[in-house]
Number of protein chains: 2
Amino acid sequence: MNVECHNIIDNQMSVFSVLNQEEKELLKKNSTCTYYKKNDIIYKEGDKPNGLICLSKGKVKIFKEGVGGREQIVRMAKPVGFIGYRALFAEQNYLASAEAIEDSVICTIEKETLFSILKTNYELSLSIIRSLASELGFSNNRTVTLTQKHIRGRLAESLLFLKDTYGLEADESTIKVYLSREDIANLSNMTTSNAIRTLSTFASEKIISLDGRKIKILDFKGLERISELG
Amino acid sequence: MNVECHNIIDNQMSVFSVLNQEEKELLKKNSTCTYYKKNDIIYKEGDKPNGLICLSKGKVKIFKEGVGGREQIVRMAKPVGFIGYRALFAEQNYLASAEAIEDSVICTIEKETLFSILKTNYELSLSIIRSLASELGFSNNRTVTLTQKHIRGRLAESLLFLKDTYGLEADESTIKVYLSREDIANLSNMTTSNAIRTLSTFASEKIISLDGRKIKILDFKGLERISELG
DNA sequence: TGTAAAATATGTTAAAAAACATACAAATTT
DNA sequence: AAATTTGTATGTTTTTTAACATATTTTACA
């Protein structure tokens, strides 16, 4: 009854498109589907991965607990995308936690099955290598921007990042994800107060407009300029 | 005449140990050896990778230019280790630069040859996946510590990181790498002034002792405490 | 070997961001 | 519907860190 899993594995756009029918059937037989409510934890820092988790529906934040329990969001996942594969492939326990920020559906592909297919399928290995290498580039980039940019620059970058990740509503300006001010702060390496304050400033400068958790980008160029300036 | 390359490929401890003799010979035939003086640039942000670079001798820093040209060191390489493989496998141009901080020898394995061997050798793919996944974990960790820890915590962490990476001299306390105060600052996300000042403070607290660029760790537990506290 | 340049050191000031305080609104629970 | 909790908003204070200034030492090299 795990239709969601089947859909992902059969998806022509997914990394599994390089597999033959037999391999796909094997994956389907060894995967399970799980449903999560908004704010549900999918896994926690320290947990042991037991498979490749694929986000089929919903949105998920990946975060680490830092100094004094302060949360830093290191990644935002969208369908169809993988979660927690870093720990799985590094053969480590999770170094970050995953939490659904919307009702979500995940499909977990059993570890041994995945590795057995990986053994014979060069294309799949290569696409995993590419994914990890891209994400490492992204992470290194973020290390620099989060440490070097000032508050306005960091917030502007986060808003552009959210836009790039989740896209815009039909109005071509509302960012298609609804985060709490606290999550925006944890994504941008600042306190909640400063996230709220800086969002208000951006709104007063007509760069964005705010309506609860809805954020409309009014001046893309302006936002990019602030992000680049630091 | 590229003996250095041959040594690396034949090394029982390297990732190439999983290759058969034929594959090793192919790699040797398609690799070149290059010598760098201290402060020589090996590659620059934006350059196109043309092979897998292996550091055979010496020490190399990998850094990114941030806001206003401010440098952030994202990795320190030691022999025998790979450099610039992220960009190679992501099929991107380099997102960081590499500079020798000591006289160094590198061995470059030609790209096409490497990929052809990768195609047939599952073990090699897997070890690359593991490396990338580990480094991604490290990078995410650093994002959090560099943004959340205070100056003392960041510097303490950097000193411990340098110790873990390059080890200690025979005296069991001198860190086996000699960096400028500027490099230490660029590794720890602080200004040179603050690196100098904080090093002096640590020295006055008898946590470390300084002799030019030689740094002796006198109180390991103390340093760890400062690092963990933030 | 003298001189310029680079690196190190340290004090002072200015700016940035966190911490704190408080108020209010909205959502949830009872 | 009242009470409580949670999230948002904004002003003030304090801390942290960068920026600046200047001196001294070391290194490079002509």
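Numbered from 1 within each chain, the chains take letters A, B, ... in sequence-line order.
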Engineer: Base, sugar-phosphate alone, or nothing: which one does A:Arg181 contact when heavy atoms must sit under 4.0 Å apart?
Structural biologist: sugar-phosphate

Engineer: Contact class for B:Arg152 vs. all strands (heavy atom < 4.0 Å): base, sugar-phosphate, or nothing?
Structural biologist: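 No contact at all - B:Arg152 keeps every heavy atom at 4.0 Å or more from the nucleic acid.
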
Engineer: Should the pair B:Glu99-B:Lys44 be classified as a salt bridge under the 4.0 Å nitrogen-to-oxygen rule?
Structural biologist: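 No salt bridge links B:Glu99 with B:Lys44.
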
Engineer: Rounded to whole Å, how long is the line connecting atom NZ of A:Lys149 with atom P of C:dA16?
Structural biologist: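 Taking atom P of C:dA16 as the reference, NZ of A:Lys149 is at 17 Å.
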
Engineer: When the distance from CG of A:Leu210 to C1' of D:dT10 is rounded to whole Å, what number comes out?
Structural biologist: 14 Å

Engineer: Could you state the atom-to-atom distance from CG of A:Leu146 to P of C:dA18 in whole Å?
Structural biologist: 12 Å

Engineer: Rounded to whole Å, how long is the line connecting atom CG of A:Asn39 with atom C1' of D:dT6?
Structural biologist: 12 Å

Engineer: Please tell me which of A:Ser180 and B:Asn189 maps to the more 5' nucleotide of DNA chain D, matching each residue to the nucleotide holding its nearest heavy atom.
Structural biologist: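 Final value for this comparison: A:Ser180.
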
Engineer: Assert yes or no for the condition that the ring centre distance of B:Phe161 to B:Phe138 is strictly below 6.0 Å.
Structural biologist: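 Yes.
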
Engineer: Mapping B:Thr191 and A:Leu179 to their closest nucleotides on DNA chain D, which lands nearer the 5' end?
Structural biologist: A:Leu179

Engineer: Should the pair B:Lys59 and B:Tyr166 be classed as cation-pi, given the thresholds of under 6.0 Å to the six-membered ring centre and 45° from the axis?
Structural biologist: yes

Engineer: What's the closest nucleotide to the side chain of B:Glu182 if the choices are D:dA18, D:dA21, C:dA7?
Structural biologist: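 When the side chain of B:Glu182 is considered, C:dA7 is the closest of D:dA18, D:dA21, C:dA7.
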
Engineer: So does A:Glu91 pair up with B:Arg130, basic N to acidic O under 4.0 Å?
Structural biologist: yes

Engineer: Rounded to the nearest angstrom, tell me the gap between atom CE in A:Met190 and atom C1' in C:dA16.
Structural biologist: 12 Å

Engineer: Output yes when at least one side-chain N/O atom of B:Asn194 is less than 4.0 Å from OP1 or OP2 of D:dT17, else no.
Structural biologist: no

Engineer: For B:Ile196 and D:dT17, give me the distance from atom CD1 to atom P, rounded to whole Å.
Structural biologist: 17 Å

Engineer: For A:Ile151, report the nucleic acid contact type (base, sugar-phosphate, nothing); a contact means any heavy atom under 4.0 Å.
Structural biologist: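 It contacts sugar-phosphate atoms only.
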
Engineer: I need the NE2-C1' distance between B:His150 and C:dA17, as an integer number of Å.
Structural biologist: 10 Å

Engineer: Distance check: side-chain N/O of A:Ser200 vs OP1/OP2 of D:dT10, anything under 4.0 Å?
Structural biologist: yes

Engineer: Whether the side chain of A:Arg213 and the base of D:dG7 hold a donor-acceptor pair under 3.5 Å is what I'd like checked.
Structural biologist: no

Engineer: Output yes when at least one side-chain N/O atom of A:Arg197 is less than 4.0 Å from OP1 or OP2 of C:dA18, else no.
Structural biologist: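 The answer is no; no side-chain N or O of A:Arg197 sits under 4.0 Å from OP1 or OP2.
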
Engineer: Does this structure show an ion pair linking A:Lys206 with A:Asp219, if we count only N-O contacts that are shorter than 4.0 Å?
Structural biologist: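 Salt bridge flag = no for A:Asp219 with A:Lys206.
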
Engineer: Without decimals, in angstroms, what is the distance between A:Lys214 NZ and D:dT8 P?
Structural biologist: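 It is 15 Å, rounded to the nearest whole Å.
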
